[in-house]
Amino acid sequence: MFLKLLNQNHKRINLQTTSEFKFLKEHFELLHIYKISYKYATPLELINSNIVLRGLLNKIQVEKGLLEFESAHFDTLSFMTYVEKRKMINFDIHQYTDDMPQFVDRESNQTIIIPFFEPFINQRYIDDISIFTLKQHSSYFYSFNQHMLDPYKTYGYQVYKSPFTKLEMLYENSHMILFYYDDFKCIYAFKKDKLKLTRTIHIIDQYSTKTDIDIDDIKEAARLYADFKFKELLELLHDKEYVSDKTYKYIYKKCGRRGIR
């Protein structure tokens with residue numbers, strides 16, 4: 001009841017004014033060129049679209065690095081064995097991949113730089129990129145859409161914990177995991193076993209003048225939510241001025257004798 005009332009009175013933020021939307025919009029043409037679909041009707045759709053976009057930018061950068069390397073060393077490479085070329089190319093490619101958004105997949109222990117590909121394809125992009133210049137493997141370069149996977153379904157919450165998003169993990173236990181999304185000033189609570197969003201918690205109401213967000217406050221709010229301490233959560237948000245006096249009193253009035261729950 002309390003969270004429903006809080007969300008009804010949250011501060012409205014225009015999605016198209018956020019940094020994540022502006023980042024996606026800058027690359028609309030690129031996504032169209034590669035025939036990659038994207039959505040941004042909701043914050044989560046925007047997050048998921050930008051995960052794919054950041055993976056695409058990584059992919060393009062690695063392939064560009066390979067082509068530039070081959071062009072610069074064309075004469076030398078023609079006299080080298082595949083193993084020698086691979087070693088030389090990998091050394092050069094790692095200058096790009098080391099600084100890319102990435103994470104280590106807990107199941108395969110593979111570094112993931114392109115989250116819409118399986119772990120073994122990521123391994124090839126990092127340690128054996130030249131294999132994709134061979135005709136039988138070239139589809140990963142030129143018609144890769146057929147190989148694309150859903151990053152969230154493939155890697156779960158790992159991709160949300162990674163630099164592929166601007167989400168910040170707040171709290172995790174055996175049942176749930178909570179993230180904060182600063183662009184929308186809200187907390188997302190996911191049920192771990194089903195990879196399902198169960199709750200969105202807007203932390204600032206429409207009457208609050210709060211502008212500075214203390215991440216420690218948000219982490220404490222997430223902990224209170226996970227412990228089902230809803231009264232303490234409301235008191236925290238009110239004390240820290242995320243919730244205005246007007247909304248605070250309105251919530252207490254609406255909840256009445258049943259209390260904050």
Side-chain angles (χ1 to χ4, degrees), residues 20 23-24 26-39 44-74 77 80-167 169 190 195:
E20 281 290 84
F23 175 72
L24 182 68
E26 286 173 9
H27 297 93
F28 277 173
E29 185 176 350
L30 182 68
L31 292 166
H32 286 304
I33 290 172
Y34 285 95
K35 299 179 180 179
I36 295 177
S37 61
Y38 55 88
K39 298 178 180 179
L44 271 184
E45 286 183 350
L46 179 59
I47 289 169
N48 291 330
S49 293
N50 277 339
I51 289 171
V52 173
L53 173 56
R54 291 185 174 100
L56 175 63
L57 293 174
N58 282 356
K59 180 180 185 295
I60 291 170
Q61 185 61 41
V62 173
E63 293 169 358
K64 180 181 177 183
L66 172 63
L67 296 175
E68 290 178 349
F69 179 86
E70 289 183 331
S71 176
H73 299 86
F74 178 78
L77 292 175
M80 298 175 69
T81 66
Y82 179 81
V83 173
E84 289 172 332
K85 286 191 288 186
R86 175 183 171 184
K87 184 176 180 180
M88 193 172 176
I89 290 170
N90 286 348
F91 178 80
D92 187 77
I93 291 297
H94 285 180
Q95 297 180 55
Y96 299 98
T97 59
D98 288 350
D99 295 327
M100 288 179 172
Q102 58 188 261
F103 64 92
V104 177
D105 175 38
R106 60 175 174 265
E107 292 188 11
S108 65
N109 203 34
Q110 172 61 47
T111 297
I112 306 300
I113 60 171
I114 308 173
F116 52 75
F117 282 162
E118 315 173 62
F120 86 93
I121 299 300
N122 278 271
Q123 186 272 327
R124 292 288 178 83
Y125 263 84
I126 296 170
D127 295 321
D128 194 13
I129 182 67
S130 55
I131 197 171
F132 295 116
T133 62
L134 303 177
K135 185 176 181 180
Q136 61 266 39
H137 300 294
S138 62
S139 64
Y140 285 95
F141 265 25
Y142 305 113
S143 55
F144 61 92
N145 301 65
Q146 61 184 301
H147 303 294
M148 290 182 68
L149 305 172
D150 183 316
Y152 182 56
K153 291 180 180 178
T154 305
Y155 297 107
Y157 302 116
Q158 297 178 101
V159 73
Y160 282 175
K161 294 178 181 179
S162 77
F164 285 99
T165 78
K166 287 189 173 182
L167 293 173
M169 194 182 80
F190 290 87
L195 299 178

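Model, not experiment: these values are computed from the prediction. For this chain, numbers begin at 1 and follow the sequence in order.
Residue I113 comes nearest to M100 through the heavy atom pair CD1-SD, 4.2 Å, listed as atom of the first residue, atom of the second, then distance. Across all their heavy atoms, P151 and V52 have their closest contact at CG-CG2, 4.1 Å. When all heavy atoms of N58 and P101 are compared, the pair lying nearest together is ND2-O, 3.0 Å.
Remark: Q146 pairs with S143 by the side-chain hydrogen bond (donor to acceptor under 3.5 Å, both in side chains) rule, at least two apart or across chains. The side-chain hydrogen bond (donor to acceptor under 3.5 Å, both in side chains) check on D150 picks up nothing, with sequence neighbours excluded. Annotation: side-chain contact (heavy atoms from CB on, under 4.5 Å) contacts of D98 (sequence neighbours excluded): H94. In this structure, the side-chain contact (heavy atoms from CB on, under 4.5 Å) partners of L57, at least two apart in sequence or on a different chain, are F23, H27, L30, L53. Taking the ring pair (Phe, Tyr, Trp, His ring centres under 6.0 Å) definition, one finds that Y157 meets it with Y152, F190, sequence neighbours left out. Residues forming a side-chain hydrogen bond (donor to acceptor under 3.5 Å, both in side chains) with Y160 (at least two apart in sequence, or on another chain): N48. Shown here are the side-chain hydrogen bond (donor to acceptor under 3.5 Å, both in side chains) partners of K166, two or more places apart in sequence or in another chain: S19. Y38 meets the ring pair (Phe, Tyr, Trp, His ring centres under 6.0 Å) test with F28, H32; sequence neighbours excluded.
Looking at I36 and F144, their side chains come closer than 4.5 Å, going by heavy atoms from C-beta outward.
One distance of note links OH of Y125 with OG1 of T97; it measures 13.0 Å at 0.5 Å rounding. Distance check, rounded to the nearest 0.5 Å: CG of L24 to CG of N50 gives 5.0 Å. Taking OG1 of T154 as the start and CG of L149 as the end, the distance is 4.5 Å to the nearest 0.5 Å. If you take CD1 on I51 and CG on L56, they are separated by 14.0 Å, rounding to the nearest 0.5 Å. One finds the CD1 atom of I121 at 10.5 Å from the CD1 atom of I112 (value rounded to the nearest 0.5 Å). One finds the CD1 atom of I126 at 8.0 Å from the CD1 atom of I114 (value rounded to the nearest 0.5 Å).
Residue pairs meeting the salt bridge (Lys or Arg N to Asp or Glu O under 4.0 Å) criterion with at least one partner in residues 45-63, sequence neighbours excluded, are E20-R54, K59-E63. Residue pairs meeting the side chain to side chain donor-acceptor pair (under 3.5 Å) criterion with at least one partner in residues 106-117, sequence neighbours excluded, are D105-S108.
The backbone N or O of Q123 lies less than 3.5 Å from no partner atom in the side chain of D128, so there is not a single donor-acceptor pair. For N122 (side chain) and F117 (main-chain N/O), a donor-acceptor pair under 3.5 Å exists by modelled atom type. A donor-acceptor pair under 3.5 Å is absent between the side-chain atoms of S162 and the main chain of Q102, judged by distance alone.
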With side chain to side chain contact (heavy atoms under 4.5 Å, CB included) as the criterion, how do I60 and Y34 come out once you've worked through the C-alpha distance, each side chain's angles and the decisive distance to 0.1 Å? CA-CA 11 Å; I60 291 170; Y34 285 95; 3.7 Å; yes
